[in-house]
There are 2 protein chains.
Amino acid sequence: MVSIRYYPLMLKSPVALLDLVDRLASLMRAEFRRVGAEAGLMPVHMQALMFLDQVNRFSNTPQALAEYLGLTKGTISQSLLLLDRRGLIERYQDEVDKRVVRLRLSSLGEAFLGQANPTELWQVASRDVSANRVRYSVSVLRAILYEVQAQREGPPFGVCHTCVYCQRKSQRIYHCILFGERLSGPETRKICREQTPKSGHLSAGE
Amino acid sequence: MVSIRYYPLMLKSPVALLDLVDRLASLMRAEFRRVGAEAGLMPVHMQALMFLDQVNRFSNTPQALAEYLGLTKGTISQSLLLLDRRGLIERYQDEVDKRVVRLRLSSLGEAFLGQANPTELWQVASRDVSANRVRYSVSVLRAILYEVQAQREGPPFGVCHTCVYCQRKSQRIYHCILFGERLSGPETRKICREQTPKSGHLSAGE
DNA sequence: ATCATAAAGTATCGATTCAATACTTAAAAA
DNA sequence: TTTTTAAGTATTGAATCGATACTTTATGAT
């Protein structure tokens, strides 16, 4: 009996999209390898540095990085050890929960990232794609990402200001009902692990 | 204690798109690892099997696979050896150029792919995304992929029937000018290493 | 309060990928 | 023919990565 395994490579097929995502990631991984090779760093190290460069002070933990990359905390711990030995990151204990280790780029790490510029190839390659098309694709991929994480019972990681718990108090002040914390405007545009989307903010589109 | 983890969000930026591509690929890689683990296969083995399932008869070589995944031929050779030992693929010499090894899935390999179904998670996750939105995103990512390949001077690896060398002779007969061979309809829906996109299939949009 | 359980992180070990290098064979070019 | 290039394999060594066990701290139950 012949089973249907894959849809043929038709442009409408989600599998075609998966192929592209996979292939682009493979090539960028090779690029990260190339860029990091001079400094003796592996692709996963470059990804960790880029993660720490972009994440805010509430998400800079080994566990969050492990979830982000789909690796185990033990594996990540090793990569972070190497980055620490090279002086590219700094680790410090969380004040409230003393089990938690917080991470940040060192000045050396920031300098290295700025000089190595691992996303340059991607930025050059997407130079001629309009902001609209980028935004549209981002919304599609994020919808899929949301579902992938839901399937695997991972944290939802949705946008804060589309969450039912996010309430606007005044012009510049937001408040999260769930955690009872005040949020700045920029913070509400980041992704929250506990996000619960309002209706009309998923999959249907922009 | 409940913790909040924020992740950055830059809707219009190409780097945001790269983040999503990278992250989705990381999670799918973890999924491939999970699916292949029962059979003792690594993510790269799953990717190789999926590649062989989708590639046309001009591109089913170790070299093509290496370029597709951004790895060296020596690395790929090892992965293929394992798949051969497991009886999941078959290797045979090319008739014309005897240096070339051709690859195909064995019936066991096909059965395994059908049963393991590594893309199931992705298909479920993208179930509610419309065909139009998928197609739009595919066109955006393909444009970026084409530029990445151009920058790195690698072959583009596109779908046959969007290629300038693919010409329709009659209702069911196609012809590849580059290879000078006749193509069946299904064949034109596979991935080809030498694909050169027609104008209107890149960057400008659909 | 006390004990049990869970969570964050680290250490260690083994398996496997992956790059680098050298080598073989065959094709192409001189 | 001779030389050079290309496809593929074998070997070796480094380093990722998962699994497991362990430490420390936080949380929950009795």
Side-chain angles (χ1 to χ4, degrees), chain A residues 26-27 29-48 58-86 89 91-103 155 193, chain B residues 1-5 26-27 29-48 58-86 89 91-103 154-155 193:
Chain A
S26 291
L27 295 178
R29 184 181 175 82
E31 173 72 3
F32 294 157
R33 188 184 299 280
R34 189 185 69 80
V35 169
E38 305 158 19
L41 297 178
M42 303 297 286
V44 67
H45 297 133
M46 301 305 296
Q47 291 180 298
F58 300 117
S59 313
N60 53 357
T61 71
Q63 180 65 28
L65 177 56
E67 286 168 357
Y68 189 84
L69 295 180
L71 302 177
T72 65
K73 58 185 183 177
T75 297
I76 285 300
S77 184
Q78 297 311 301
S79 303
L80 293 174
L81 268 179
L82 184 145
L83 291 174
D84 196 9
R85 283 199 299 270
R86 301 285 178 86
I89 64 171
R91 311 200 281 184
Y92 56 101
Q93 200 176 43
D94 184 87
E95 289 299 321
V96 179
D97 188 336
K98 293 186 178 176
R99 296 172 304 179
V100 175
V101 169
R102 301 261 164 213
L103 309 163
R193 184 173 195 253
Chain B
M1 171 189 175
V2 184
S3 64
I4 304 179
R5 289 158 220 198
S26 291
L27 295 179
R29 183 180 176 82
E31 173 72 3
F32 294 157
R33 188 184 298 278
R34 189 185 70 79
V35 169
E38 303 159 20
L41 298 178
M42 302 298 287
V44 68
H45 298 133
M46 302 304 296
Q47 291 179 298
F58 303 118
S59 313
N60 56 355
T61 70
Q63 180 65 28
L65 177 56
E67 288 166 353
Y68 189 83
L69 294 179
L71 302 177
T72 66
K73 58 185 183 177
T75 296
I76 283 300
S77 185
Q78 297 311 302
S79 303
L80 292 175
L81 268 179
L82 184 145
L83 291 174
D84 196 8
R85 282 199 301 270
R86 301 284 178 88
I89 65 172
R91 312 201 281 184
Y92 57 100
Q93 201 176 42
D94 184 85
E95 289 298 322
V96 180
D97 188 337
K98 293 185 177 176
R99 296 172 304 180
V100 174
V101 171
R102 300 258 165 217
L103 308 164
R193 183 187 177 189

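Chain A is the first sequence line, chain B the second, and so forth, proteins listed ahead of strands; every chain is numbered from 1.
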Test side chain to side chain contact (heavy atoms under 4.5 Å, CB included) applied to B/Val101 - qualifying residues, sequence neighbours left out:
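By the side chain to side chain contact (heavy atoms under 4.5 Å, CB included) rule, B/Val101 matches B/Pro62, B/Arg91, B/Leu103.
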
Can you name the residues that form a side chain to side chain contact (heavy atoms under 4.5 Å, CB included) with A/Ser77, not counting sequence neighbours?
none

Where do N or O atoms of nucleotides 9-11 of chain D meet protein N or O atoms at under 3.5 Å, pair by pair?
residue : atom : partner : partner atom : Å
D/dT9   : OP1  : B/Arg91 : NH1          : 2.8
D/dT9   : OP2  : B/Ser77 : OG           : 3.0

Rounded to the Å, how far apart are A/Asp84 CG and C/dG9 P?
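Distance, rounded to whole Å: 14 Å.
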
How long is the straight-line distance from [atom2] of [Y] back to [atom1] of [X], given to the nearest 0.5 Å?
X	Y	atom1	atom2	answer
A/Asn60	A/Arg102	CG	CZ	5.0 Å
B/Leu80	B/Leu65	CG	CG	6.0 Å
B/Met46	B/Arg29	CE	CZ	12.5 Å

Show which side-chain atoms of residues 69-76 of chain A pair as donor or acceptor with protein atoms under 3.5 Å away, not counting sequence neighbours.
residue : atom : partner : partner atom : Å
A/Thr72 : OG1  : A/Thr75 : N            : 3.3
A/Thr72 : OG1  : A/Thr75 : OG1          : 3.0

Nearest heavy-atom approach of A/Met42 to A/Arg33 is CE-NH1, 3.4 Å

Which of the following nucleotides, C/dT25, D/dA26, C/dG9, is nearest to the side chain of B/Arg99?
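For B/Arg99, the side-chain atoms sit closest to C/dT25.
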
Side chain of B/Val100 only, heavy atoms from C-beta on: which candidate in D/dA7, D/dA26, C/dA19 is closest?
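When the side chain of B/Val100 is considered, D/dA7 is the closest of D/dA7, D/dA26, C/dA19.
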
Let me check the geometry of the helix from C/dA1-D/dT30 to C/dA30-D/dT1. What is the bend angle between the axes at its two ends, five pairs each, to 10°?
30°

At under 4.0 Å between heavy atoms, what does B/Arg102 touch on the DNA or RNA strands: base, sugar-phosphate, or nothing?
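The residue B/Arg102 makes no contact with any strand.
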
I want to check one thing: is the phosphate of C/dT17, taken as OP1 and OP2, less than 4.0 Å away from some side-chain N or O of B/Thr75?
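Result: no.
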
Tell me, please, which residues at least two apart from A/Arg86 pass salt bridge (charged side-chain N to carboxylate O under 4.0 Å, His left out).
none

